[in-house]
Amino acid sequence: MDLWCVHAKSNGALLRNSFLEKPICWNPRNQSVAWEVRAPRVESLPSNCRYRSIVVTAMAKKNPGNSSNSNSNPSSSSNGNSDHLKAGGDGLKGDNPPPGSKKSDDTSSQNSQFKPLDWREFRALLYIQEQAENADSFHNQDGTSSGPKPLPAKWAHPISAPENGCLLVATEKLDGVRTFERTVVLLLRSGTKNPQEGPFGIVINRPLHKKMKHMNPTNIELATTFSDCSLHFGGPLDASMFLLRARETSGLPGFEEVIPGVYFGSRNSLDEASALIKKGALRPQDFRFFMGYAGWQLDQLREEIESDYWHVAACSTNLISWMSQNSSSSDLWEEILQLMGGPYSELSRKPKQDI
């Protein structure tokens, strides 16, 4: 199936230029495409258009041949039918064929240009573009824009509420609280699905500069398979967990995925983890073990966030899975805040308060 046209009904809330002529991401594997819809700011809309919903529908047409050949056959999506993008009833005809219908020698560059995004990356891209547009409107009084911004290799941005896989970044209010000052907590579960369980996570920027073998473990797997794995302080509560980085993100039975490519497990899943190493699916250096964890009651964490003890952020996978064992505990804390930008970046440069 090829994307044929997009229709939007907005009752005046969208303008013709609210749609970009090219998609912001394209997934050649499942032929999915994402378009950006730019809505005017609320204050600039007529009063009768504010808070109106926007209905967007997409239509597709069946390829004349085998869909698997759509990338190799340049005429497979252009048999007399020009592709459209219709916004509010206006047809925007383009001379360029849709993604996937270019010549085969262009396929590799196109696939790299339209890299598939998961929903966290898509949200981050929207946030980055919004920040860039705000900066453009502030600096450029004539309304000119610098154009769409690509998603950087490393990114972090604030979010409004905790979610699985988010970060809790300690604020200056926790300076002097030795357990949590300048820490970054990876929230493994937000507690929203099971309020009785409560949210919990692990501190990911407190390396202990020790390996598992230095602890003389009694568990046979810890003493052999995982003996050279690094140890980190995970939190004040008494339980041990581990993170593992998987290069294939198709899922690992027995482990819970936190963010794409990063899973967590506990002592109960050591046998499964060891089996994956022995099969060659994973390596010992793909694991990080954490002594202890951090946990809250659901209302407790909410109150701490509202009291400005924690900044809540989403971040790219590589900030977590490429952690350096030799970096200081404040390095990741500073990097996350700097990537978040604005007042958060200023906080990263403040000296630690003595309380």
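Note that this is a predicted model, so its numbers are computed, not measured. Count residues from 1 along the sequence.
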Distance check, rounded to the nearest 0.5 Å: [X] atom [atom1] versus [Y] atom [atom2]?
X: His157; Y: Ser316; atom1: NE2; atom2: OG; result: 10.0 Å
X: Leu298; Y: Arg302; atom1: CG; atom2: CZ; result: 4.5 Å
X: Leu117; Y: Arg123; atom1: CG; atom2: CZ; result: 13.0 Å
X: Leu276; Y: Leu282; atom1: CG; atom2: CG; result: 5.0 Å

Set of ring pair (Phe, Tyr, Trp, His ring centres under 6.0 Å) partners for Trp296, sequence neighbours left out | none
Take Trp155 and Leu125 through the test side-chain contact (heavy atoms from CB on, under 4.5 Å) and record every step on the way to the result.
-> CA-CA 9 Å; Trp155 52 264; Leu125 181 61; over 6 Å; no
N/O donor-acceptor pair under 3.5 Å between [X] side chain and [Y] backbone:
X: Glu181; Y: Gly176; value: yes
X: Thr317; Y: Pro260; value: yes
X: Lys173; Y: Ser307; value: yes
X: Asn205; Y: Arg182; value: yes
X: Arg178; Y: Asp175; value: no
X: Thr171; Y: Asp308; value: yes
X: Ser274; Y: Leu270; value: no
X: Asn164; Y: Ser190; value: yes
X: Thr183; Y: Ala170; value: no

Quick one: sort the Phe255 and Phe242 rings into parallel, tilted or perpendicular, breaks at 30° and 60°.
->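 The arrangement is perpendicular - the two ring planes meet at more than 60°.
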For residues 267-282, pull every pair meeting salt bridge (charged side-chain N to carboxylate O under 4.0 Å, His left out), keeping only residues two or more places apart or in separate chains.
-> Glu221-Lys278
Does the distance from a Lys or Arg side-chain N to an Asp or Glu carboxylate O, for Glu257 and Arg120, drop under 4.0 Å?
-> no
